[in-house]
Visitor: 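Please find one structure pasted underneath; my questions will follow.
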Amino acid sequence: QVQLVESGGGLVQAGGSLRLSCAASGRTFSSRALGWFRQAPGKEREFVATISWSGGNTYYADSVKGRFTISRDNAKNLGYLQMNSLKPEDTAVYYCAVGRWGGTSRVEYEYDYWGQGTQVTVSS
C-alpha cells in the first residue's frame, strides 16, 4: 500500500514558477513509475508527466514540454514537478500517482495509487 500527499500548489502570476512535491509512504514507491496528472474545472483529468522508477526515462505532455520537469528522490520517497513559465491554462488540480510497474505510462488505469491533489492557479 502506498499513500501519497501532494504539496506546493498555490496562486502564481503567469510566467511564474512553482514546484510541486509528492511525498510517498511505503517501499513500493522506489520500484514504480511516478506520474503527474491534472484536472481543470469542467474538464477530464489529463496526463502531465511521468518518470520511470530509476528516473532514467521521462515523458511529457506536449502542452508542458520544455516548461515542466519531473524528478524523483527514491531515497527520500519524494517526487517533484517543477513548473516554469506557467500559463493561465495550467490552472488545475494536480495529482501525483504511483504506477503499476517501473516503466513510464501516460494512462490513468496503469496507476494504482493517487494523492488527493493540490490546487494550482495561474492568474493572467
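Since the model is a prediction, treat every value here as computed from it, not as a measurement.
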Visitor: Who clusters with Met83? Use side-chain heavy atoms, under 4.5 angstrom, across I, L, V, M, F, W and Y, and order the result by chain and number.
Guide: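 Taking Ile, Leu, Val, Met, Phe, Trp and Tyr as members, Met83 shares its hydrophobic cluster with Val2, Leu4, Val12, Leu18, Leu20, Phe29, Leu34, Trp36, Val48, Ile51, Tyr60, Val64, Phe68, Ile70, Leu81, Leu86, Tyr94, Val98, Tyr113, Val120, Val122.
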
Visitor: State which residues pass side-chain contact (heavy atoms from CB on, under 4.5 Å) with Glu108; sequence neighbours excluded, sorted by chain then number.
Guide: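 Here the qualifying residues are Phe37, Arg45, Trp114.
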
Visitor: Hydrophobic clusters here meaning ILVMFWY residues chained together by side-chain heavy-atom distances under 4.5 Å, can you tell me if Trp53 and Leu78 are in one?
Guide: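 Trp53 does not cluster with Leu78.
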
Visitor: Tell me yes or no: between the side chains of Tyr80 and Arg19, is some donor less than 3.5 Å from an acceptor?
Guide: no

Visitor: Disulfide bond (SG atoms under 2.5 Å apart): which pairs involve residues 23-79, sequence neighbours left out?
Guide: none

Visitor: Against Arg38, only a single residue in Asp90, Thr91, Thr118, Val93 fulfils side-chain contact (heavy atoms from CB on, under 4.5 Å); can you say which?
Guide: Asp90

Visitor: Any salt bridge (Lys or Arg N to Asp or Glu O under 4.0 Å) involving residues 2-11? Give me the pairs, sequence neighbours left out, ordered by first then second residue.
Guide: none

Visitor: Specify the closest pair of heavy atoms between Gly103 and Ala33, including all atoms of both residues, with the distance to one decimal.
Guide: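 So the minimum-distance heavy-atom pair works out to O-CB, 3.0 Å.
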
Visitor: What's the separation between atom CG in Asn57 and atom OG in Ser52, rounded to the nearest 0.5 Å?
Guide: 4.5 Å

Visitor: Regarding Asp62 and Lys65, does a basic nitrogen lie under 4.0 Å from an acidic carboxylate oxygen?
Guide: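 Counted as a salt bridge, because a side-chain N and a carboxylate O are separated by less than 4.0 Å.
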
Visitor: Nearest 0.5 Å, please: how far is OG in Ser124 from NZ in Lys87?
Guide: 14.0 Å

Visitor: What do you reckon, is CD of Glu89 surrounded by more than 12 foreign heavy atoms closer than 6.0 Å?
Guide: yes

Visitor: Could you pull out all residues at least two apart from Ser17 that satisfy side chain to side chain donor-acceptor pair (under 3.5 Å)?
Guide: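 In terms of side chain to side chain donor-acceptor pair (under 3.5 Å), with neighbours along the sequence ignored, Ser17 is linked to Asn84.
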
Visitor: Once disulfide bond (SG atoms under 2.5 Å apart) is applied, what residue pairs with a partner in residues 23-124 remain, sequence neighbours excluded?
Guide: Cys22-Cys96

Visitor: If you look at every heavy atom in Arg32 and Arg72, which pair is closest and at what distance?
Guide: O-NH1, 2.8 Å

Visitor: Is the side chain of Asn77 donor-acceptor paired with the backbone N or O of Ser25 at a distance under 3.5 Å, no angle test?
Guide: no

Visitor: Could you state the interatomic distance from OG (Ser63) to CD (Glu46), rounded to the nearest 0.5 Å?
Guide: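 So the OG of Ser63 and the CD of Glu46 are separated by 5.5 Å.
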
